[in-house]
There are 2 protein chains.
Amino acid sequence: MKTCCDHPPHSRRLIQTPLVELTDQLRRSARKITAPRQAILEVLRRHQHPLTNKEIHLALGKEECDLATVYRNLRTLEGMRMVARFDFGDGVARYELAGAGDEGHHHHLVCTHCTRVVELTECLPRQMEQEIAERHGFSQVTHRLEFFGVCNRCRGSHTTSLVK
Amino acid sequence: MKTCCDHPPHSRRLIQTPLVELTDQLRRSARKITAPRQAILEVLRRHQHPLTNKEIHLALGKEECDLATVYRNLRTLEGMRMVARFDFGDGVARYELAGAGDEGHHHHLVCTHCTRVVELTECLPRQMEQEIAERHGFSQVTHRLEFFGVCNRCRGSHTTSLVK
DNA sequence: GAACACAATGCAAATGGTTTGCAATCCGAA
DNA sequence: TTCGGATTGCAAACCATTTGCATTGTGTTC
């Protein structure tokens, strides 16, 4: 399989949702269908790989819009669950097109040197580190697992302090 | 159990390492034992809870040192595996005293509203979300799991681009 | 115990990702 | 076609974190 850039082929099934369907999703949600919005979704559809705001901005090419617009849209799309945000701990947010429901649920194996990303189809814990390391030719494999949710004290509140 | 501030009692065993032992660890590693260093470790020992650089800086009180020094020391201590860094995805690093080996290995359940943190003794994947939610009175529980390591292409290199 | 080498600190400025205020523009409902 | 609110571009602001540099402190050597 030919990939768009310097990353290994995906191990999970690609999300095939056509652009039309994506814009439909926008329409149904009372969001406006703007050129930047469509262009950003198209970029994410082309590169199904975690991309930073900057990378997306660059990939827009002649469809270019302001970087701030990219940021704003990704936030919006994240809120709508149309994209998923990933955090590799280097202070830069990365986004991917999200599948419907569980379809897109997956995790990543990230090289701490070059940021190369391998997508994992599994969803599993610590004992798998060794196996994952061997299967993908990585060494010194560690992982990070956090759970998020709304605690009983906060139920009903509407402001969010985390995940700004 | 009385806790230092506004968070629930810990579910895991606290790390009891006395300060002397911690400074010994510094000595053995050819690091200098400085007042800021000791003060920071002492703060982490007192609050065994993920703390941000700023929070640690504040908690130093009369032992105050420059905020930049806090940042530098936490990085150093992280490199020595004396503290563990956690990333809750809000763009702020948090640190905890690390136990030796697996002793301190654990994950967190974070309230996305108030940032309240519950420590989990388990190390487990998705199917646990429901159970965790129930046990700790959280709702809308999701999780984030990423693996990190060094890929075969990077073996031998020494610069690190991720985890800056 | 004094001298030295280098690690560590304080301070201030820089960095870099991300957000925001505001006026201009655009989308889509009526 | 009109109109109001959503969206955009631009520039400035923000904020966590890092860095340059002169100064200070620790631990080692003699």
Undergrad: Which distance, rounded to the nearest 0.5 Å, do you find between the OG1 of A:Thr112 and the CZ of B:Phe147?
TA: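 These two atoms lie 14.5 Å from each other.
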Undergrad: What is the separation between atom CG on B:Asp87 and atom P on D:dA16, rounded to the nearest whole Å?
TA: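 Spelled out: CG on B:Asp87 to P on D:dA16 is 14 Å.
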Undergrad: Rounded to whole Å, please give me the gap between OH in A:Tyr95 and P in C:dG17.
TA: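 Rounded to the whole Å, the gap is 14 Å.
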Undergrad: Whole-Å distance between C:dA7 P and B:Leu77 CG?
TA: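 Going from B:Leu77 (CG) to C:dA7 (P), I get 17 Å.
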Undergrad: Could you verify whether a donor N or O on one side chain and an acceptor N or O on the other, from B:His47 and B:Glu42, lie under 3.5 Å apart?
TA: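 Per modelled atom types, B:His47 and B:Glu42 side chains form no pair under 3.5 Å.
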Undergrad: Quick one, give me the B/S/- string for nucleotides 25-30 of chain D, reading 5' to 3', where B means a protein heavy atom under 4.0 Å from the base and S means that only happens at the primed atoms, P, OP1 or OP2.
TA: BBS---
Undergrad: With hydrogens left out and only the distance checked, is there a donor-acceptor pair under 3.5 Å joining A:Arg94's side chain and the base of C:dG17?
TA: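 Per atom types, no contact qualifies.
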Undergrad: Where the side chain of A:Arg37 is concerned, which of C:dG17, D:dT7, C:dA8 is the nearest nucleotide?
TA: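 The nucleotide sitting nearest to the side chain is D:dT7.
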Undergrad: Counting N and O atoms only, with roles assigned by atom type, does the side chain of B:Thr76 sit under 3.5 Å from a partner on the main chain of B:Arg72, one being a donor and the other an acceptor?
TA: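 Such a contact is found between B:Thr76 side chain and B:Arg72 backbone.
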Undergrad: Calculate the interatomic distance between A:Arg75 atom CZ and D:dA6 atom C1'; express it in whole Å.
TA: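 After rounding, the gap between these two atoms is 16 Å.
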Undergrad: Is there a donor-acceptor pair under 3.5 Å between the side chain of B:His57 and the backbone N or O of B:Cys65?
TA: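 Yes: the side chain of B:His57 pairs with the backbone of B:Cys65.
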Undergrad: Determine whether the side chains of B:Arg116 and A:Asn152 contain a donor N or O and an acceptor N or O closer than 3.5 Å.
TA: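 On atom types as modelled, these side chains qualify, holding a pair under 3.5 Å.
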Undergrad: May I ask you to say whether A:Glu78 pairs ionically with A:Arg85, meaning some side-chain N is under 4.0 Å from a carboxylate O?
TA: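 Between A:Arg85 and A:Glu78 there is a salt bridge, with a charged N closer than 4.0 Å to a carboxylate O.
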Undergrad: Between C:dC26 atom C1' and A:Leu26 atom CG, what is the distance in whole Å?
TA: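 After rounding, the reported distance stands at 15 Å.
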Undergrad: Say whether A:His49 and A:Glu55, considering side chains only, have a donor N or O and an acceptor N or O under 3.5 Å apart.
TA: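 No.
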Undergrad: From CG of B:Asp90 over to P of C:dT19, roughly how many Å is that when rounded to an integer?
TA: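 Whole-Å distance recorded here is 12 Å.
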Undergrad: Do the ring centers of B:His108 and B:His143 come within less than 6.0 Å of each other?
TA: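 No, too far apart.
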Undergrad: Any N or O donor-acceptor pair under 3.5 Å from the base of D:dG20 to the side chain of B:Arg72?
TA: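 Such a pair exists between side chain and base.
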Undergrad: Can you see if the side chain of B:Asn53 gets near the phosphate of D:dT17 - specifically, an N or O under 4.0 Å from OP1 or OP2?
TA: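 Checking B:Asn53 against D:dT17: at least one side-chain N or O falls below 4.0 Å of OP1 or OP2.
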Undergrad: Going by the angle between their ring planes, with limits at 30° and 60°, are A:Phe148 and B:Phe88 parallel, tilted or perpendicular?
TA: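 Answer is perpendicular, since the angle exceeds 60°.
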Undergrad: Does C:dT9 have its OP1 or OP2 closer than 4.0 Å to a side-chain nitrogen or oxygen of B:Asn73?
TA: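 Yes, within the criterion.
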Undergrad: Could you point out which residue of A:Gln25, A:Met82, A:Arg37 forms a side-chain contact (heavy atoms from CB on, under 4.5 Å) with A:Arg31?
TA: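 Testing A:Arg31 for a side-chain contact (heavy atoms from CB on, under 4.5 Å) against A:Gln25, A:Met82, A:Arg37 leaves exactly one candidate, A:Arg37.
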Undergrad: Between the protein and nucleotides 12-14 of chain D, list the N/O to N/O atom pairs that are separated by less than 3.5 angstrom.
TA:
none

Undergrad: Could you identify which residues of residues 62-71 of chain A place a heavy atom less than 4.0 Å from some atom of DNA chain C, listed by residue number, or say none?
TA: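 The stretch gives A:Ala68, A:Tyr71 as the residues lying under 4.0 Å from the strand, ordered by number.
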Undergrad: Do the side-chain N and O atoms of A:Glu131 and A:His136 include a donor-acceptor pair separated by under 3.5 angstrom?
TA: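 The criterion, which ignores hydrogens and geometry beyond distance, is not satisfied for A:His136 and A:Glu131.
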Undergrad: Between P on D:dA16 and CG on B:Leu74, what's the gap in Å once rounded to a whole number?
TA: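 Atom-to-atom, B:Leu74 to D:dA16, this comes out as 15 Å.
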Undergrad: Taking atom P of C:dG16 as reference, at what distance in whole Å does atom NE2 of A:His57 sit?
TA: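 Atom NE2 in A:His57 sits about 17 Å away from atom P in C:dG16.
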Undergrad: Quick check for you: to the nearest 0.5 Å, what is the distance between B:Gln140 atom CD and A:Cys154 atom SG?
TA: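 Between atom CD of B:Gln140 and atom SG of A:Cys154 there are 11.0 Å.
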